[in-house]
Number of protein chains: 2
Amino acid sequence: MAMFEFEHLFRGAFSVNIGLITYHEGKLQLLIQEKEDYPSQNETGLPGKIILPNEETEDALKKLMLELIGTTNFYRKQLNAFTKVNRHPLGRVVCFTFYGLISFEKVKQMSSKLSWHELNNVPNLCYDHNDIVKLIRNSFRKGLVRHPRVFEILPEEFVLPDILTIYQQAFLTKLDASNFSKQIIKSELVKPINKTRKAFGRPAKLYTLNKSAIKKKSKEKVSFNFY
Amino acid sequence: MAMFEFEHLFRGAFSVNIGLITYHEGKLQLLIQEKEDYPSQNETGLPGKIILPNEETEDALKKLMLELIGTTNFYRKQLNAFTKVNRHPLGRVVCFTFYGLISFEKVKQMSSKLSWHELNNVPNLCYDHNDIVKLIRNSFRKGLVRHPRVFEILPEEFVLPDILTIYQQAFLTKLDASNFSKQIIKSELVKPINKTRKAFGRPAKLYTLNKSAIKKKSKEKVSFNFY
DNA sequence: ACAAAAGTGTTGAATTTACACCCATGT
DNA sequence: ACATGGGTGTAAATTCAACACTTTTGT
């Protein structure tokens with residue numbers, strides 16, 4: 001069997017890791033897991049697990065997330081693989097990374113190993129996980145700029161100033177609140193419901209996502225003008 | 001040694017594949033390789049090779065490209081890994097894909113196995129390589145819209161209508177030539193040299209890249225307005 | 001002279017940006 | 001009443017988009 005002569009090439013293992021972002025209590029938050037298995041006991045890192053040799057990546061990820069937060073119902077996207085030979089002490093473990101977005105209300109349970117950390121203040125993580133977090137923040141930003149991705153981390157009913165807050169935290173910048181709100185409304189992606197959210201000052205109007213508007217893809221404007 | 005108990009997990013192999021794009025004779029072109037090794041003799045696909053268990057991905061890619069085109073001096077970016085369990089007949093071979101951009105004049109040699117094919121008319125390729133090509137076209141488009149990436153596939157001295165042609169082919173659309181040229185000039189990324197390129201009608205002015213302007217990163221305009 | 005391709009000019013529309021100002025609430 | 005955060009209005013500046021027109025070449 002021809003298989004035999006190639007056997008020496010089949011010496012690698014795989015893992016999935018995910019950076020899951022949500023928005024809760026006015027902050028962007030990242031899900032962090034306390035590791036308990038060898039060789040990284042007592043360290044913290046992105047949620048992840050080893051993929052079995054005959055297991056699809058997507059299945060491994062779903063299994064992991066069911067265990068950890070009780071649902072697989074959230075937006076996700078595969079990012080780069082991390083392939084450095086010596087990134088893992090046990091041998092060559094290639095890491096497939098995902099970034100995910102979930103609204104806080106969709107989180108069904110929290111495994112005791114888990115905690116949320118401010119995305120803008122992530123602690124030191126094991127292996128190269130801080131590099132992965134950088135990648136994730138970048139993808140998150142791209143998602144915000146290019147797609148109506150904010151709604152993935154907002155509850156069903158939300159308020160325009162929260163969208164502003166999310167963008168400001170994601171880009172570490174200040175934006176003109178009044179112009180930003182007008183832009184959101186003009187996009188027709190949201191529709192007002194007849195409720196408000198109480199707060200210290202004037203209460204903010206609640207909106208929901210206008211699902212019909214989100215369908216039609218954005219116009220893909222082609223120009224020599226970089227964003 | 002703890003290694004032993006994890007041994008059953010180390011059963012995967014890796015490959016690199018690259019979609020290398022250039023611009024030549026008025027067309028966007030993709031580099032295609034005729035395969036000669038088992039199990040895909042006589043098929044064509046993206047240039048690629050198996051990565052040895054202790055070989056860095058980047059090293060494998062460089063080795064491959066030196067062999068094929070005699071240089072590793074070109075822009076490249078890692079894309080998604082292809083991880084499906086059954087994508088390769090010999091076992092689980094995970095494929096790390098890259099897309100690359102090279103100006104035609106930088107290609108030092110052409111291995112006899114290689115040929116250029118119009119990017120908009122790629123033939124049937126082996127395995128899932130046609131899927132990879134789709135991914136590559138997408139990344140190429142994103143690169144064009146968001147970064148001054150065109151210059152990677154243009155010669156030292158180029159002409160504005162060629163940039164127009166590239167964008168039009170990449171996006172399968174027509175653009176207003178006069179407005180597009182004005183946009184390029186306003187970007188200050190190019191500076192005219194005192195030469196022209198002869199052609200049928202009025203000769204076009206030659207330009208070079210203004211390397212000082214390319215340094216300062218684009219302003220990262222944050223808005224609720226998707227491109 | 002004429003066709004073809006390159007490049008310039010002009011104009012109205014649309015979008016952006018910066019603020020001034022008004023509104024609805026809790027204390 | 002007033003501080004606070006939410007929201008509307010407006011006007012100048014900039015960018016976009018369509019297209020008429022001029023320029024420079026080869027035939």
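So that the names make sense, note that chain A is the first sequence line, chain B the second, and so on, each numbered from 1.
- With hydrogens and angles left out, the side chain of A/S178 and the base of C/dC19 share a donor-acceptor pair within 3.5 Å.
- Where A/K182 and A/A199 each meet DNA chain D at their nearest nucleotide, the meeting point lying more 5' is that of A/A199.
- Rounded to an integer number of Å, the gap from A/R197 CZ to D/dG5 C1' is 10 Å.
- Place A/T196 and A/N179 on DNA chain C by their nearest nucleotides, and A/N179 ends up nearer the 5' end.
- B/K174 places its NZ atom 16 Å from the P atom of D/dA17, with the value rounded to the nearest Å.
- Straight-line distance from the OH atom of A/Y207 to the P atom of D/dG7: 6 Å, rounded to whole Å.
- Across every non-hydrogen atom of A/Y207 and A/K205, the tightest pair is CD1-O, 3.5 Å.
- Distance CG (B/L160) to C1' (C/dT8): 13 Å, rounded to an integer number of Å.
- For the pair A/K186 NZ and C/dA13 C1', the computed distance is 13 Å after rounding to whole Å.
- Counting atom types as modelled, A/R202 pairs no side-chain N or O with a base atom of C/dA24 as donor and acceptor under 3.5 Å.
- We find that B/E58 and B/R76 are joined by a salt bridge, their nearest charged nitrogen and carboxylate oxygen being less than 4.0 Å apart.
- With a 4.5 Å cut-off on side-chain heavy atoms, A/N80 and B/F96 do not count as touching.
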Please walk me through it: do B/I69 and B/L20 pass side chain to side chain contact (heavy atoms under 4.5 Å, CB included)?
-> CA-CA 11 Å; B/I69 59 169; B/L20 189 65; 3.9 Å; yes
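- Following rounding to the nearest Å, A/F200 (CZ) and C/dC23 (C1') show an atom-to-atom distance of 16 Å.
- Note on A/D128 versus A/K84: no salt bridge recorded, every NZ/NE/NH1/NH2 to OD/OE distance being 4.0 Å or above.
- Relative to the side chain of A/I185, the nucleotides D/dT8, D/dG26, D/dG6 differ in distance, and D/dT8 lies closest.
- Protein atom CG of A/D176 is 14 Å distant from nucleotide atom P of D/dT8, rounded to whole Å.
- Each of A/Q183 and A/K198 was matched to the nucleotide of DNA chain C holding its nearest heavy atom; the match closer to the 5' end belongs to A/Q183.
- Between the P atom of D/dT24 and the NZ atom of B/K205 lies a distance of 10 Å, rounded to the nearest Å.
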